[in-house]
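Accompanying notes for the structure given below.
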Amino acid sequence: MSRRQMVAGLGALALPLTKPQSLMKTFAPPVPPPAAPPASPDLVAAPSGVPPERLAEDEGFWRNVARQFRVSPDFVNLENGYYGIMPEPVRREYHRNVDYLNERNSYLLRTEYKPRADEIRGRVAQALGAAREEIAFTRCGTEALQNLIGGYRRLRPGDSVMYSDLDYHSAQYVMNWLADRRGVRVERMVVPEPPTRQATLDAYARALRDHPNVRLLLLSHMNNRTGLVLPVREIVAMARERGVDVIVDAAHSWGHLDFTIDDLGADFAAFSLHKWMGVPLGSGFLYVRRGRLDDVDLAYDDETYPADDIRSRVHSGTMDVAPVLSIPTALDFHDALGAAVKQARLRYLRDRWVHQVRDIPNVEILTPEEPPMYGTITAFRISGRVSEADNVAISDHLFDRYRIFSVRRGGPARGDCVRVTPALFTSRDDVDLLALAVRDVAQRFSA
């Protein structure tokens, strides 16, 4: 090959300084997806001017709401306390976000996601009555509780921490772990049965008085075992008078009851979004009141965010962000009905079946007849049937004979029980069937 041929060949291999038009198109930056509509046309809005308690009894309206949920026809689902079925507008939005995440991959996570998540964080905070800087997303309420309890840094050796028999078991485990981590004593109290408002307040006042070294109290707004709703604000106030901080577990109450963070009065709280807000699985958040962030450790000394940013108290690694991106649609659905309307309907469903069986001598209903102290989660027990085996057998019978899906719950000091949890798609006929089934159970399992 001559020198001239060699130079000509090398020139042919050189890349042009200007990309051809086809390559320009190939290397163009990704185009963001079209914005989702501000509200789904499928949303069912509560009619204005109708009191929530009256609307709660309107089966025609709630049939329309139920059409927004894809529910298995194979059984009556009365075990909705584990997590909440997404309404159809949320399910579709979630699938759209899963596809978008899969298409955009790291580009989404490194460019668009963080500012978008921060906007969504602001909307969640607004719904709670908090500031954006006071909340941080987690994968669930359990993770939020673990980070708050495990990271609480004001404990000293010789101090005590306290929880009750009705608190969430995973949160109890973290409180127990503090004994080794912080050198503290763990105290356990029992919520009285029957749990009237005054009896509950008296029990917490007595427990705090009898254990003056307690510095941290775990408090379930609505517990997952019996559904009892505690008078949180009053208990937080009596604890504060004794120099006791409170971490509130509000995983089951937000989106279920009508309240804001100021109604609780707490400085620290954990919330779930995939229970009663209808967000996809894998979503929750923690709350720390402004001015209290220094009392919670950084998550494993993580340096992703500054120490004065609440997001430094959570580090979940690379997570599925599609649930977070679907939160606005879930809030749209929630807002269309309204918290007061949801609360009224869920309490109505509880009252409908409970009031048909409360005259049965051996049926114990573990929530009181005081509306502020219950929502829709309610547990019952057949007198004398307090073992795990007894209550598994009862829940099995409900399913085998009536196709009613429920769950046995342990933890209450006086014995196991069966938990019943209707949802917004539950009909009046569903809970009437439950009432009939409980009468059968009371006779069949009589001690």
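In this chain, numbering begins with 1 at the start of the sequence shown. Note that this is a predicted model, so its numbers are computed, not measured.
Aromatic ring pairs are classed by plane angle as parallel below 30°, tilted from 30° to 60° and perpendicular above 60°; the pair F405 and F399 is perpendicular. Ring planes of F137 and F285: perpendicular class, angle over 60° (limits at 30 and 60°). The aromatic rings of Y152 and F268 stand perpendicular to each other, their planes meeting at an angle above 60°, with 30° marking the opposite boundary.
Using a 4.0 Å cut-off between charged nitrogen and carboxylate oxygen, R311 and D302 do not count as a salt-bridge pair. In summary, R428 and D58 do not engage in a salt bridge, as defined by a charged side-chain N under 4.0 Å from a carboxylate O. With respect to E79 and R419, a salt bridge is recorded, a charged nitrogen being found less than 4.0 Å from a carboxylate O. Salt-bridge check for R408 with D416: passed, with a basic side-chain N closer than 4.0 Å to an acidic carboxylate O. Note on E187 versus R185: salt bridge recorded, some NZ/NE/NH1/NH2 to OD/OE distance being below 4.0 Å. R123 has a carboxylate O that lies under 4.0 Å from a charged side-chain N of D335, or vice versa, which qualifies the two as a salt bridge. Between R345 and E59 there is a salt bridge, since a side-chain N of the basic residue sits under 4.0 Å from a carboxylate O of the acidic one. We find that E369 and R358 are joined by a salt bridge, their nearest charged nitrogen and carboxylate oxygen being less than 4.0 Å apart.
Sorted by first then second residue, the salt bridge (charged side-chain N to carboxylate O under 4.0 Å, His left out) pairs that include residues 393-407, not counting sequence neighbours, are R401-D440. For residues 216-225, there are no salt bridge (charged side-chain N to carboxylate O under 4.0 Å, His left out) pairs, not counting sequence neighbours. Listed by first and then second residue, the salt bridge (charged side-chain N to carboxylate O under 4.0 Å, His left out) pairs that reach into residues 371-387 are E193-R381, E364-R381, R385-D390, sequence neighbours excluded. Among residue pairs with one or both ends in residues 227-240, those qualifying as side chain to side chain donor-acceptor pair (under 3.5 Å) are R197-E234; sequence neighbours excluded. Sorted by first and then second residue, the pairs that involve residues 157-183 and meet salt bridge (charged side-chain N to carboxylate O under 4.0 Å, His left out), not counting sequence neighbours, are R181-D297, R182-D297.
Side chains of H256 and K342: no donor on one and acceptor on the other come within 3.5 Å. Side-chain polar atoms of S427 and D430 form a donor-acceptor pair below 3.5 angstrom. Q343 and Y348 share no donor-acceptor pair across their side chains, judged by distance under 3.5 Å alone. A donor-acceptor pair shorter than 3.5 Å can be found between the side chains of S326 and N97. Remark: the N105 side chain and the N102 side chain contain no N/O donor-acceptor pair separated by less than 3.5 Å. In this structure, a donor-acceptor pair under 3.5 Å is present between the side chains of E143 and S316.
A donor-acceptor contact shorter than 3.5 Å is absent between the side chain of N223 and the backbone of S220. T376 places a side-chain N or O within 3.5 Å of a backbone atom of L346 that can act as its donor or acceptor partner. No donor-acceptor distance shorter than 3.5 angstrom exists from the side chain of R139 to the backbone of A144, with no hydrogens or angles considered.
In this view, H169 and Y173 satisfy the ring pair (Phe, Tyr, Trp, His ring centres under 6.0 Å) rule, not counting sequence neighbours.
Two residues are said to be in side-chain contact when any heavy atoms from C-beta on lie closer than 4.5 Å; V363 and V438 meet this criterion. Side-chain atoms of L216 and I247, non-hydrogen and from C-beta on, do get closer than 4.5 Å to each other. Contact check for Y163 versus M189: no side-chain heavy atoms found under the 4.5 Å cut-off. Taking the side chain as every heavy atom from C-beta outward, S253 and V229 never approach each other to under 4.5 Å. V186 places none of its side-chain heavy atoms less than 4.5 Å from the side chain of M162. Contact annotation: the side chain of F61 never approaches that of N64 to less than 4.5 Å [non-hydrogen atoms, C-beta and beyond]. Residues Y94 and T329 are not in side-chain contact: their nearest non-hydrogen atoms beyond the backbone lie 4.5 Å or more apart. Between R209 and R242 there is a side-chain heavy-atom pair separated by less than 4.5 Å.
One finds the CE atom of M175 at 7.0 Å from the CG atom of L217 (value rounded to the nearest 0.5 Å). To the nearest 0.5 Å, atoms CG (D320) and OG1 (T318) are separated by 11.5 Å. Expressed to the nearest 0.5 Å, how far CG of L166 lies from CG of L230 amounts to 7.5 Å. Rounded to the nearest 0.5 angstrom, I120 CD1 and L331 CG are separated by 9.0 Å. Going from atom OG of S446 over to atom CD1 of I360 covers 11.0 Å, rounded to the nearest 0.5 Å.
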Determine whether L78 and L434 satisfy the following criterion, side chain to side chain contact (heavy atoms under 4.5 Å, CB included), listing intermediate values before the conclusion. CA-CA 9 Å; L78 295 182; L434 173 66; 3.9 Å; yes

Ring pair (Phe, Tyr, Trp, His ring centres under 6.0 Å) evaluation trace for F259 with H221: CA-CA 11 Å; F259 71 96; H221 188 195; 4.8 Å; yes

Quick one, D351 with Y374, criterion side chain to side chain donor-acceptor pair (under 3.5 Å). Give me CA distance, side-chain angles, the key distance, then yes/no. CA-CA 10 Å; D351 287 347; Y374 67 86; 2.7 Å; yes

Could you walk me through whether R347 and R350 satisfy the side chain to side chain contact (heavy atoms under 4.5 Å, CB included) test, starting with their C-alpha distance in whole Å, then the side-chain angles of each, then the deciding distance to 0.1 Å, before giving a yes or no? CA-CA 5 Å; R347 282 181 174 160; R350 177 267 182 197; 5.6 Å; no

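The local environment of CD in E303 is sparse, with at most 12 non-hydrogen atoms from other residues, nucleotides or ligands closer than 6.0 Å. F75 CZ: more than 12 foreign heavy atoms inside a 6.0 Å radius.
When the options R215, R289, R154, R153 are evaluated for a salt bridge (Lys or Arg N to Asp or Glu O under 4.0 Å) with D245, the one that passes is R154.
Across all non-hydrogen atoms, the minimal contact from D258 to A340 is OD2-CB, 3.6 Å. The shortest heavy-atom contact between V90 and A330 is CG2-CA, 3.5 Å.
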